[in-house]
Amino acid sequence: MKSKLMNKILPTVKNPIQYIGKELNSVHKEIKSDTIRYAFAFPDIYEIGMSHLGMKILYHLLNEQEDIYCERVFAPMVDMEEKMRRENIPLFAWETMDAITHFDFIGFTLQYEMSYSNIINMLDLGEVPLLAAERTKEHPFVMVGGPCAYNPEPLADFVDIVILGEAEEVILEVMEAYRKWKKSEGSRKDFLHSIASITGVYIPAFYQVEYDEEGKITSFQPISSAYPSTVQKRIIKDLDKTYYPDKVVVPYTNIVHDRIMLELFRGCTRGCRFCQAGMIYRPVREKTPETLKSIAEKLVKNTGYEDISLASLSTSDYTQLVPLVKNLMEEYKDKGVGLSLPSLRIDSFSIKLAEEIQKVRKTGLTFAPEAGTQKLRNVINKGVTEENLMEATRQAFEAGWGTIKLYFMIGLPTETNEDIEGIGDLGKKVVQQYFQVEKEKRNKALRVTVSTSSFVPKPFTPFQWEPQNTMEELKEKQQYLKNIIRDRKISYSWHEPKISFLEAIFARGDRRLGKVLLKAWEKGCKFDGWDEHFKFNSWMEAFEECHIDPSFYAHRKREYEEKLPWDFIDIGVSKSFLIREHKNALKERVTPFCRENCVNCGVENFDGGWTCYVDC
Amino acid sequence: MWIARLKLIMGEEVRYISHLDLQRAFQRALRRAEIDVAYSQGFNPHPKTSFAMALAVGMTSEGEYIDVELNTKIQPEELMTRLNNSLPQGLQVVQCKLRDKPHPSLMSQIDKAIYTIEILTQGKNDYLDIQLLIEFFMQQDEIIVERVNKKGKKSSKNIRPFIDFIQLEEVQDQLIILKTRLATGSKNNVKPENMIEKLIAFGGKKINYEGLKIHRIDLLTQEGKKLISPIENF
């Protein structure tokens with residue numbers, strides 16, 4: 001198989017180097033009889049999967065264990081898949097090119113809902129039975145984790161194990177249980193039983209759901225009292241002591257984020273009401289600058305990368321940012337290594353910082369006001385004002401930036417035409433700001449990009465009860481905005497409403513969506529996040545044939561009393577807090593950020609009493 | 001200013017790397033090896049390196065050449081060792097020379113390339129048959145290769161004058177191994193895969209072609225009547 005791949009197939013496909021698996025720092029191990037073979041699978045192509053930080057961490061963490069060999073798996077590109085199917089080559093793991101069906105585990109990371117059909121496709125291509133119930137002792141255990149695992153229900157039929165929360169510790173506990181089970185000659189179910197009570201582990205097969213005539217959930221229960229009725233997510237308490245790789249795989253081919261990712265902290269102090277990451281990753285935990293400096297040093301040495309990205313949900317909120325940046329700049333400026341700050345706040349402080357950093361490399365600036373009017377920004381709790389944006393852009397133009405991107409959302413709760421107009425106005429004001437800056441100072445070319453995504457209500461956010469706009473409403477709003485933005489200096493880009501619709505269905509879906517997913521895949525759906533592959537009509541046919549109304553999931557306002565499919569998961573943030581926040585949103589009432597004032601989100605009572613470093 | 005000229009091997013593991021990716025991989029290796037390389041100016045500074053001739057995707061080689069500009073002097077042996085400890089699987093430096101004066105650019109020096117070509121076939125091949133095929137092929141006055149440029153305009157070129165020789169090295173059950181020397185560089189350039197396509201087409205059904213493996217043995221510079229490696233007179 002390997003030589004067929006190398007000599008016959010790879011010469012004929014796009015970008016073949018992505019499939020070789022011999023990149024710098026990739027791990028190659030001898031496989032012994034007791035080796036646990038783990039395939040870390042990313043349900044999208046290499047270029048995207050290789051940019052994912054979680055994969056980097058877990059790949060190297062698992063490979064640090066002597067008896068575990070973790071390899072990487074990605075979705076082959078469409079041309080490659082065609083050839084693999086024609087030549088009967090099953091989906092293989094990158095390092096050894098062995099078929100994944102012989103592995104002990106296949107672990108998928110769930111980064112976005114639109115990759116679900118790829119998971120089915122990859123299992124099929126890997127010759128693994130699609131349904132968990134159909135797998136035997138000969139087959140791997142299919143595991144999932146990542147942000148979308150916080151509502152794993154649409155995938156319940158396909159997966160054996162769900163990991164909730166940060167996996168660094170819990171995955172090793174699962175592996176330990178697996179070692180014991182392997183010696184015991186027990187059944188598949190025995191193994192699942194042995195891990196079902198580990199905090200952060202959820203076994204969908206051990207739970208059953210009942211619905212009423214309308215389709216709402218009436219009960220969600222474990223099949224035996226041996227299993228917990230609430231599954232708590234896992235958190236890592238001390239990020240300074242937790243595992244972080246000091247080397248990472250350096251791809252040959254270009255990937256989306258081809259740089260060192262230095263993770264400054266987890267969680268977010270901000271509390272935007274649409275943001276799932278801001279809720280599920282609580283509490284905020286920082287790494288010390290000393291830890292970060294030492295990681296950066298090793299990573300530069302071991303990768304040769306020319307860029308360090310300071311990664312987090314809101315980098316300007318890192319308490320030690322200034323000294324850290326100064327130190328890293330000083331250390332690396334002569335070595336041709338630059339810094340980048342991917343998630344900046346809209347304020348002067350951030351611009352000054354960006355200016356400082358861009359002395360090495362200069363890229364565009366991106367701001368996310370999210371909404372066009374102050375009213376709506378209050379609704380979503382985005383603590384940014386028009387003055388902030390104007391001041392920040394003025395400084396940016398003065399410092400010589402010419403390319404500015406502005407991110408917004410449309411379809412937010414309470415949104416009116418005025419809010420849409422506000423987006424256009426902000427774009428115009430940014431252009432005006434540019435012309436007010438002295439000619440000598442400003443960049444010769446101005447390019448403002450206004451980009452809107454469509455609001456998708458996500459589980460565990462204050463907006464989880466909110467309906468999504470219909471596709472027609474979203475289209476109308478996009479058209480309206482298109483008509484407002486007539487300035488040639490501003491370009492407008494938007495998300496396909498059909499994709500956002502499907503995202504909303506699966507984000508808040510339940511188990512019954514499993515059969516729709518299967519049906520859609522049978523109709524050829526895969527790579528749904530890619531406009532050119534997305535087959536919306538096939539999806540709609542699948543819903544119809546399964547007698548499931550997609551609007552039930554996307555467009556329905558849910559009541560606080562309704563049992564939500566993900567209610568059995570405890571993320572630390574309490575439901576009462578989410579309700580309080582939802583009510584505040586509708587009253588346009590702003591909630592202070594954690595650092596200003598503790599708002600009792602519930603996480604301080606989590607996991608045996610967490611003490612937020614922010615005074616409560 | 002110091003210039004190091006390196007000879008590099010590219011093995012199976014990097015057979016499918018593109019030229020741009022190779023440049024980047026090499027620059028990163030220089031950084032990992034903590035070599036004091038000169039950087040380009042501008043917004044995206046990168047180490048100053050220049051390659052002799054891009055190797056096409058899918059080929060392996062034991063004769064690639066790279067010039068690297070250095071700020072400080074370093075012993076060639078040390079440079080070689082440090083780089084080899086930093087290069088990914090499949091890439092290896094096998095020769096290194098250093099000089100302190102500018103030298104004609106690598107790219108302008110290359111005139112010829114020698115390749116071995118493995119033709120994977122279905123079914124058996126007869127040695128004499130293939131030998132004769134090559135002889136007849138080389139007796140042609142014209143071997144015309146059609147090309148289409150980026151604008152879609154067609155042109156044709158006679159590559160026969162630029163094929164020095166084709167030697168039949170080995171014939172096995174499902175494998176034919178050839179060695180060939182072709183004009184390469186900015187003046188005249190023959191792609192080995194084009195030459196083979198023509199050979200196979202010329203043979204009609206004689207070669208039941210299934211795939212190719214091309215390996216570059218060396219790049220050569222014309223010096224007077226002699227052909228030498230670009231690192232020899234560096």
Side-chain angles (χ1 to χ4, degrees), chain A residues 2-28 80 95 97 247-255 258-260 297-307 332-338 340 358-364 400-401, chain B residues 10-49 55-60 71 82-83 85-91 118-122 174-175 193 209-214:
Chain A
K2 240 183 251 180
S3 92
K4 198 176 187 181
L5 261 169
M6 282 300 279
N7 297 320
K8 206 173 163 189
I9 297 186
L10 291 183
T12 63
V13 301
K14 252 182 258 166
N15 204 6
I17 190 80
Q18 66 180 306
Y19 302 107
I20 307 274
K22 296 274 166 63
E23 313 93 316
L24 182 87
N25 297 330
S26 60
V27 179
H28 299 273
M80 177 72 166
E95 276 73 4
M97 288 189 173
K247 56 179 186 297
V248 291
V249 178
V250 182
Y252 285 107
T253 182
N254 244 326
I255 58 169
D258 205 7
R259 53 187 74 99
I260 290 169
E297 192 190 324
K298 288 178 196 145
L299 282 171
V300 169
K301 210 174 218 147
N302 293 333
T303 64
Y305 265 128
E306 50 282 330
D307 245 312
Y332 297 113
K333 68 169 190 258
D334 297 330
K335 294 177 183 159
V337 179
S340 57
Q358 309 258 353
K359 280 176 185 162
V360 184
R361 276 167 229 278
K362 200 164 196 124
T363 51
W401 264 281
Chain B
M10 289 176 65
E12 275 289 310
E13 297 90 339
V14 288
R15 191 176 147 190
Y16 291 108
I17 195 172
S18 74
H19 189 62
L20 205 71
D21 292 341
L22 171 69
Q23 283 177 316
R24 205 175 33 194
F26 195 80
Q27 289 170 354
R28 285 173 181 166
L30 284 166
R31 194 175 287 113
R32 288 192 295 276
E34 300 185 343
I35 309 286
D36 188 13
V37 217
Y39 277 85
S40 67
Q41 302 299 307
F43 280 138
N44 277 300
H46 55 266
K48 286 189 176 173
T49 56
L55 188 72
V57 171
M59 296 185 194
T60 52
N71 291 326
R82 267 162 64 181
L83 257 174
N85 288 334
S86 302
L87 281 165
Q89 281 188 68
L91 291 175
E118 294 182 20
I119 307 173
L120 314 171
T121 64
Q122 289 175 339
Q174 301 196 337
L175 188 69
E193 61 272 32
Y209 161 87
E210 215 192 41
L212 275 187
K213 268 173 98 172
I214 305 176

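In what follows, chains are A, B, ... by sequence order, proteins preceding strands, each numbered from 1. Basis for what follows: all heavy atoms, side chains included, without hydrogens, waters or symmetry-related copies.
The side chain to side chain donor-acceptor pair (under 3.5 Å) test with A/Asn7 is passed by exactly one of B/Arg15, B/Glu118, B/Glu210: B/Arg15.
Closest approach of B/Arg24 and A/Tyr252 over heavy atoms only: NH2-O, 2.6 Å.
Looking at B/Leu212, neither its backbone nor its side chain comes within 4.5 Å of chain A, counting heavy atoms on both sides. Interface residue A/Lys301: backbone and side-chain heavy atoms are both found under 4.5 Å from chain B. In this structure, no portion of B/Val37 lies under 4.5 Å from any heavy atom of chain A. The contact between A/Thr303 and chain B is made entirely by backbone atoms, counting heavy-atom distances below 4.5 Å.
Between the CD1 atom of B/Ile17 and the CD1 atom of A/Ile17 there is a distance of 5.0 Å, given to the nearest 0.5 Å. A/Tyr305 OH to B/Gln27 CD: the interatomic distance, rounded to the nearest 0.5 Å, is 14.0 Å.
When each of A/Asp334, A/Val300, A/Asn302, A/Asn254 is scored by its heavy-atom pairs under 4.5 Å with chain B, the top score falls to A/Asn254.
Residue-level contacts of residues 18-26 of chain A with chain B, in order of numbering, are A/Ile20, A/Lys22, A/Leu24; threshold 4.5 Å between heavy atoms.
A donor-acceptor pair under 3.5 Å is formed between the side chain of B/Arg31 and the backbone N or O of A/Gly304.
By the side-chain contact (heavy atoms from CB on, under 4.5 Å) test, A/Lys2 is found to be paired with A/Met97, residues two or more places apart in sequence or in another chain being considered. Remark: B/Arg82 pairs with B/Glu78 by the salt bridge (Lys or Arg N to Asp or Glu O under 4.0 Å) rule, at least two apart or across chains. A/His28 meets the ring pair (Phe, Tyr, Trp, His ring centres under 6.0 Å) test with no other residue; sequence neighbours excluded.
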